[in-house]
Amino acid sequence: MTRKKLIAGNWKMNKTSADAVSLARDLVAAVGTAPEVEVVICPPFTALEAVAKVVDGSLIKLGAQNMHYEASGAFTGEVSAPMLRAIFTTHVILGHSERRTLFGETDELVNKKVLSALKNQLKPILCVGESLAEREAGSTLKVVQTQTERGLEGVSKEQASTLVVAYEPVWAIGTGKVATTEQAQEVHAFIRGLLTKHYGEAISQKVRILYGGSMKPANAPELLAQKDIDGGLIGGASLEARSFVELIKAAAAIA
Ligand code: PEP
């Protein structure tokens, strides 16, 4: 089965609302009507609503970088799934390694967020990946299995088909070190195997599994050509229109 490639940009804590609007405008002009690849941009919360207006009417979709699992309440500083939906957000990155390591997010917490996102018709981009120490200890697949299975606990078959999973080896994020195509494909195939075990072949073949970790226009074509690599979650290279558009074009060339 052919899965449409998905290129998602994680802008992290970068760009004021005005800067975000400017980048979004450039992206709409360059790839806003290109249907071969699905494109999602994830600005910081403060820019979501302004960027939503810019991408409205284009094919570019909007994602958030995090959310709380409750719908509302006394959770100072947090933002909920219904709030994100109300400003036309369609995707949400959950369990990013920076959330796990810098903000103490556990698999249990990530799972609550995944369930809340799905309940509110937001598509989770569930991030999983091993640290350098875990890779060197030979526990990559075990770590990825635990994060994937715990993160998806309670997700129904029907919900699973809307999921996106991102394999992001922590040692490759923002470091310039990219996983080899063999390393990445091995883990992607493993994740698809886990999805098959839990949801069956038909669903697992629908789920997009993105690679993330120093993906750049130079290394993207080889990674994106792998059987189980269905796109990229891009940090650094998504902050500038030129490199992000090149990545989208690299994905379109393979699609
Ligand atoms: C990320 O943070 O999701 C990421 C992949 O970052 P970078 O592309 O900068 O490695």
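Atoms within each ligand, like the ligands themselves, are counted from 1 in listed order.
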Quiz prompt | Non-hydrogen side-chain atoms of L109 and Y69 separated by less than 4.5 Å | solution = yes

Self-check item: Side chain, backbone, both or neither: A172 near ligand 1, heavy atoms under 4.0 Å
Solution: backbone

Practice problem: Find all atoms of ligand 1 within a distance of less than 4.0 Å from any non-hydrogen atom belonging to E168, and give their numbers and elements. | Solution: 1 (C), 3 (O), 4 (C), 5 (C)

Quiz prompt | Same apolar cluster: L163 and V110, side chain cutoff 4.5 Å | solution = yes

Quiz item: Are R85 and Q121 linked by a side-chain donor-acceptor pair shorter than 3.5 Å?
Solution: no

Self-check item: Residue, atom name and distance, where the atom is the protein heavy atom closest to atom 2 (O) of ligand 1
Solution: K12 NZ, 2.6 Å

Quiz item: How close does the nearest protein non-hydrogen atom get to atom 1 (C) of ligand 1, and which residue and atom is it?
Solution: H96 NE2, 3.2 Å

Quiz item: At a 4.0 Å threshold, what atoms of ligand 1 neighbour a non-hydrogen atom of G174?
Solution: 7 (P), 9 (O), 10 (O)

Quiz prompt | Polar contact flag for G236 and ligand 1 (N/O pairs, less than 3.5 Å) | solution = yes

Quiz prompt | Shortest non-hydrogen contact from N219 toward S214 | solution = ND2-O, 3.0 Å

Quiz item: Do E130 and Y167 have side-chain N/O donor and acceptor atoms under 3.5 Å apart?
Solution: yes

Self-check item: NZ/NE/NH1/NH2 to OD/OE distance under 4.0 Å, K249 and E36
Solution: no

Exercise. Pull out every atom of ligand 1 sitting under 4.0 Å from any heavy atom of G213, numbered as shown with elements.
Key: 5 (C), 10 (O)

Exercise. Give the atoms of ligand 1, by number and element, whose distance to some non-hydrogen atom of G212 is under 4.0 Å.
Key: 5 (C)

Quiz item: For ligand 1, is any non-hydrogen atom under 4.0 Å from N10's backbone (N, CA, C, O), its side chain (CB onward), both, or neither?
Solution: side chain

Quiz prompt | ligand 1 contact by K216, heavy-atom criterion under 4.0 angstrom | solution = no

Quiz item: Which of the listed options, G235, A237, S238, holds the heavy atom that is closest to atom 7 (P) of ligand 1?
Solution: G235

Quiz item: Does the side chain of V164 come within less than 4.5 Å of L126's, by heavy atoms?
Solution: no

Exercise. Examine the side chains of Q65 and H96 and answer whether a donor and an acceptor come within less than 3.5 Å of each other.
Key: no

